[in-house]
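Each remark here refers to the structure printed beneath this line.
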Amino acid sequence: AQTVTQSQPEMSVQEAETVTLSCTYDTSESNYYLFWYKQPPSRQMILVIRQEAYKQQNATENRFSVNFQKAAKSFSLKISDSQLGDTAMYFCAYLYSGAGSYQLTFGKGTKLSVIP
Amino acid sequence: DTAVSQTPKYLVTQMGNDKSIKCEQNLGHDTMYWYKQDSKKFLKIMFSYNNKELIINETVPNRFSPKSPDKAHLNLHINSLELGDSAVYFCASSQIHGPYEQYFGPGTRLTVT
C-alpha cells in the first residue's frame with residue numbers, strides 16, 4: 001500500500017523568509033501524481049501545486065515550488081517570501097490513476113506558522 | 001460561484017440518530033469523493049463515485065452509505081450515529097481521465113453527543 005510521510009508535524013517561519021516542508025512517499029508504481037494541499041483555519045482544502053511523476057521539471061506556482069526527487073521518492077514544498085496568509089496545515093498527497101483507483105493518500109500534515 | 005458545496009457546514013446530533021450530508025459540484029466533474037478528517041487532522045478516503053457507480057469503498061462501516069442521484073451530487077447518509085463518527089467530512093470532485101487534482105468542499109463538522 002502507498003504511504004505518505006510528513007516528518008515535520010510543526011514548523012514556523014518569519015514573514016518574508018523561505019521555508020521548505022518535507023514529504024516522502026512509498027510506491028511501486030512509476031506513473032503517479034503528487035499534490036500539496038493547504039488547509040487554513042477556515043478548514044477549506046486548497047490545492048497548492050501538483051506534480052506528474054513522468055515530468056522531470058519541478059512544478060512552480062508563484063511563490064510555491066517543489067523539489068521532486070523520483071528516485072528518492074521525495075516531494076518537498078518550498079514557500080518563498082512567506083506571508084501571514086500562508087499560516088495553515090499543509091498536506092502532501094499521492095494519487096495513482098491506474099487500476100480504476102483515484103483515491104488521494106494523504107500525509108499527516110505539517111502545521112506551518114508564519115511569524116510577523 | 002462555489003465549485004463544490006456541502007450542507008450543512010455544522011451538524012450536532014445525538015447518538016443513534018440518522019443524518020445526511022449533501023454535496024454538489026458545478027465543475028462538470030465525473031467523479032466525486034467523501035473523505036473523513038479525524039481529530040488529529042488525518043484525512044482518509046471513504047468513498048468515490050464515478051458515473052453513479054461506486055468504485056472505491058474503503059473499510060467504512062456499512063452505517064455509512066453514499067447516494068448519488070446524478071453525477072453532480074453525492075450525498076452521505078449515516079445511520080445509527082456513534083460518538084466515534086464525530087469528525088469533519090469533506091466532499092471532493094475530479095475528472096476521472098485527468099487532470100486528477102481533486103477540488104474540495106468546505107467540509108461538514110459532525111459532532112455526535
Side-chain angles (χ1 to χ4, degrees), chain A residues 1-6 8-11 21 23 29 31-55 59 61 64 66 75 87-113, chain B residues 2-6 8-11 23 25 27 29-51 53-60 66 74 87-111:
Chain A
Q2 292 85 8
T3 57
V4 178
T5 301
Q6 293 180 250
Q8 305 148 316
E10 291 193 42
M11 294 188 74
L21 280 58
C23 173
E29 307 297 338
N31 267 343
Y32 49 87
Y33 298 79
L34 296 163
F35 305 89
W36 280 97
Y37 281 86
K38 167 185 177 181
Q39 186 178 39
S42 67
R43 191 171 79 202
Q44 179 71 53
M45 292 288 290
I46 302 166
L47 177 65
V48 175
I49 200 164
R50 62 173 264 169
Q51 175 80 43
E52 295 89 338
Y54 62 84
K55 289 187 177 179
E61 286 288 341
F64 299 88
V66 298
F75 182 60
T87 292
M89 284 287 291
Y90 286 82
F91 294 96
C92 179
Y94 165 99
L95 183 146
Y96 171 58
S97 60
S101 170
Y102 303 93
Q103 68 180 61
L104 281 170
T105 300
F106 285 93
K108 292 188 175 182
T110 296
K111 184 177 181 180
L112 177 68
S113 299
Chain B
T2 303
V4 183
S5 59
Q6 292 178 230
K9 290 187 178 175
Y10 298 92
L11 183 54
C23 178
Q25 56 94 5
L27 296 168
H29 289 164
D30 52 19
T31 307
M32 296 181 71
Y33 311 81
W34 279 105
Y35 288 86
K36 178 180 180 180
Q37 186 174 43
D38 63 23
S39 58
K40 295 184 178 180
K41 302 287 190 182
F42 186 59
L43 280 149
K44 190 171 182 181
I45 184 76
M46 298 178 70
F47 303 103
S48 68
Y49 254 76
N50 171 30
N51 292 328
E53 292 184 46
L54 180 68
I55 58 173
I56 298 174
N57 186 349
E58 294 294 314
T59 53
V60 173
L74 182 64
V88 178
Y89 293 84
F90 285 96
C91 176
S93 70
S94 73
Q95 282 292 120
I96 199 168
H97 295 300
Y100 296 104
E101 54 258 38
Q102 296 180 13
Y103 292 89
F104 285 75
T108 297
R109 180 176 293 279
L110 171 65
T111 303

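Lettering follows sequence order; numbering is per chain, from 1. Model, not experiment: these values are computed from the prediction.
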d(A/Gln44 CD, B/Tyr103 OH) to nearest 0.5 Å is 12.0 Å

Taken to the nearest 0.5 Å, the spacing of B/Tyr35 OH from A/Phe106 CZ works out to 5.5 Å

Interface check, chain B: of A/Thr105, A/Ile46, A/Leu104, most non-hydrogen pairs under 4.5 Å belong to A/Leu104

Cut-off 4.5 Å, heavy atoms of chain A, and the answer for B/Val4 is neither

In terms of heavy-atom contacts, B/Gln102 and A/Tyr37 come closest through O-OH, 2.6 Å

The reported gap from NZ in B/Lys44 to CD in A/Gln103 (rounded to nearest 0.5 angstrom) is 9.0 Å

Given A/Gln39, A/Arg43, A/Lys108, the one with more heavy-atom pairs under 4.5 angstrom with chain B than any other is A/Arg43

Under 4.5 Å to a heavy atom of chain B? For A/Met89 that would be side chain

Bottom line for B/Tyr100: the part with an atom under 4.5 Å from chain A's heavy atoms is both

Applying ring-ring contact (aromatic ring centres under 6.0 Å, His included) to B/Tyr33 and not counting sequence neighbours gives none

Point to revise | Stepwise side chain to side chain contact (heavy atoms under 4.5 Å, CB included) check, B/Glu101 with A/Tyr33 | key: CA-CA 9 Å; B/Glu101 54 258 38; A/Tyr33 298 79; over 6 Å; no

